[in-house]
J.: 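Got a structure here, written out as structure tokens. Questions coming.
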Amino acid sequence: MSLATARAALQFGSRLTEGSCGIVFFGGEPLLHKGLIRDVVRSGRDMEREGSGRFHFKITTNGLLLDEEFLDFAIREDVLVAMSFDGVQEAQDRHRRTVDGGPTYDLLLPRLRLLLARRPYASVLTVVNPDTAPFLARSLAFLQALGCRYLIVSLNYAAAWTERSLGVLKEQLAELGKLYVQWTQEGRKFYLSPFEVKISSHVNRHCHRKERCELAQRQLSVDPQGYLYPCVQFTKAGPDSAWCIGDLASGIDEAKRARIHAESERVKTPCADCAIVDRCNNSCGCLNWQTTGSVHEVSPVLCRYEQMTLAVADRIGKTLYAKRDPLFLHKHYNAAYPVLSLLEEAGDETPQP
Ligand code: SF4
Ligand code: SF4
């Protein structure tokens with residue numbers, strides 16, 4: 001993407017949101033384009049000084065090009081940096097290889113330590129494949145011990161999951177649930193993505209569905225040529241597809257946007273009579289489209305994963321609630337918890353150089 005297109009995207013986002021606009025760099029490894037990212041962030045900060053918009057920038061990197069210099073920049077310009085890391089060596093080296101096929105664990109562990117030293121609350125993204133599922137609980141325990149507090153676990157839904165590997169995943173999620181209970185009882189503060197939202201969907205049952213994704217409503221993706229799509233996966237379909245909903249120069253085609261939104265709001269297949277539909281993450285149009293080719297058809301793997309995580313999350317909640325665990329109650333029953341956590345995190349972050 002050219003800087004001119006990126007600047008046009010900032011202006012477009014600023015007009016659209018009339019205030020606070022989140023900008024996420026996506027598509028491959030963003031740090032291959034450090035110079036462009038710096039220029040885009042500086043342009044955004046210039047626009048803020050001129051009173052046109054407020055931007056929150058975020059990057060997820062594989063860590064290969066992460067260094068002190070870029071972190072200095074990210075901290076100075078308030079850019080959130082998250083890193084992908086799959087955990088113990090057996091898991092990390094299985095799929096995360098260098099371009100010439102080499103392992104990355106030894107190479108990237110120091111980068112992860114560096115990130116955590118500078119940004120203790122950085123998110124760490126762990127992707128689980130059928131062949132790395134056996135290491136899931138050990139990997140998350142390893143990352144937690146390393147100091148990672150925001151642990152985001154994401155399943156590779158498109159992988160070749162079998163009954164056997166799903167069975168392993170179920171066992172590992174149960175182990176992870178025990179770790180959640182243990183860490184909470186030890187007073188550790190953390191965010192563990194498979195379970196937090198599920199626990200919250202029990203505690204805040206009546207407003208949970210209101211927070212679900214609404215495809216093409218609150219998020220847009222811009223491709224390098226400036227064409228607009230409802231979310232990241234759809235950029236692959238290209239400007240001539242039904243998923244392109246306009247471009248930066250002429251704006252959003254509202255009829256197309258409304259059609260895509262309406263399609264994504266249809267009752268999902270096979271969810272019509274499911275007892276846990278209100279607590280299920282079946283609304284991600286990106287994921288549904290990527291795995292089934294339709295925004296309203298859910299992947300069977302996602303369906304199984306949702307059922308597994310919900311069962312473990314409910315066990316966690318039941319155990320910690322019965323014990324009246326103070327940290328658990330604070331985290332899930334105190335409406336002020338997110339704000340208090342943010343204040344604490346701001347105090348813990350390394351001062352700007
Ligand atoms: S658990 Fe499966 S059937 Fe139930 S709502 Fe989720 S995806 Fe649909
Ligand atoms: S479609 Fe999926 S990835 Fe896109 S914003 Fe919604 S939940 Fe997120």
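Whatever order the structure lists them in is the order used to number ligands and atoms, beginning at 1.
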J.: Does the separation of the ring centres of Phe142 and Phe135 fall below 6.0 angstrom?
T.: no
J.: At a 4.0 Å threshold, what atoms of ligand 2 neighbour a non-hydrogen atom of Gly285?
T.: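 That gives atoms 1 (S) of ligand 2.
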J.: Are more than 12 heavy atoms, taken from residues, nucleotides or ligands other than Lys170, located less than 6.0 Å from that residue's NZ atom?
T.: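 No, the 6.0 Å shell around NZ holds no more than 12 heavy atoms from other groups.
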J.: Using a cut-off of 6.0 Å, state whether more than 12 heavy atoms not belonging to Lys34 lie near its atom NZ.
T.: yes
J.: For the backbone of Arg54 and the side chain of Glu48, can you confirm whether one donor and one acceptor N or O come within less than 3.5 Å of each other?
T.: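 No: the side chain of Glu48 does not pair with the backbone of Arg54.
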J.: With atoms numbered from 1 as shown, which atoms in ligand 2 lie under 4.0 angstrom from a non-hydrogen atom of Gln219?
T.: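 Once the distances to Gln219 are compared, the set is 5 (S).
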J.: Closest non-hydrogen protein atom to atom 2 (Fe) of ligand 1, residue and atom name please, with distance?
T.: Cys303 SG, 2.3 Å
J.: Hey, which atoms in ligand 1 end up nearer than 4.0 Å to a heavy atom of Ile276?
T.: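 Those qualifying, in numeric order: 1 (S).
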J.: Within the 4.0 Å heavy-atom shell around Val298, which atoms of ligand 1 are there?
T.: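 Within the 4.0 Å cut-off of Val298, ligand 1 contributes 7 (S).
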J.: Under 2.8 Å from atom 4 (Fe) of ligand 1, can any N, O or S atom of Cys274 be found?
T.: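 Yes.
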J.: What is the nearest protein non-hydrogen atom to atom 8 (Fe) of ligand 1, stated with its residue, atom name and distance?
T.: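 Here the closest protein heavy atom is Cys271 SG, 2.3 Å.
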J.: So if I count the atoms of ligand 1 from 1 in the order they appear, which ones are less than 4.0 Å from some heavy atom of Asn282?
T.: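 Close to Asn282: 5 (S).
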J.: So if I count the atoms of ligand 2 from 1 in the order they appear, which ones are less than 4.0 Å from some heavy atom of Cys231?
T.: 1 (S), 3 (S), 4 (Fe), 5 (S)
J.: List every atom of ligand 2 that sits less than 4.0 Å from any heavy atom of Cys284, numbering the atoms from 1 in the order shown and giving each element.
T.: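 Those of ligand 2 that fall under 4.0 Å from Cys284 are 1 (S), 2 (Fe), 3 (S), 7 (S).
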J.: Within a 6.0 Å radius of atom OH on Tyr227, are there more than 12 heavy atoms belonging to other residues, nucleotides or ligands?
T.: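 For Tyr227, atom OH is not crowded (no more than 12 foreign heavy atoms under 6.0 Å).
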J.: Run the numbers for me: atoms of ligand 2, each under 4.0 Å from some heavy atom of Leu215, listed by number.
T.: 1 (S)
J.: What protein heavy atom lies closest to atom 6 (Fe) of ligand 1? Include the residue and the distance to one decimal.
T.: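 For this ligand atom, the closest protein heavy atom is Cys280 SG, 2.3 Å.
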J.: Taking the six-membered ring of Tyr121 (Phe, Tyr or Trp), confirm whether the NZ or CZ of Arg119 is under 6.0 Å from its centre and within 45° of its axis.
T.: no
J.: Please determine whether side chain to side chain contact (heavy atoms under 4.5 Å, CB included) holds for the pair Ile199 and Tyr180, giving the CA-CA distance in whole Å, both sets of side-chain angles, and the decisive distance to 0.1 Å.
T.: CA-CA 12 Å; Ile199 294 170; Tyr180 189 108; 3.7 Å; yes
J.: When you measure from the centre of the six-membered ring of Tyr191, is the NZ or CZ of Lys331 closer than 6.0 Å and no more than 45° off the axis?
T.: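 Relative to the ring axis of Tyr191, which defines the angle, Lys331 lies outside at least one limit.
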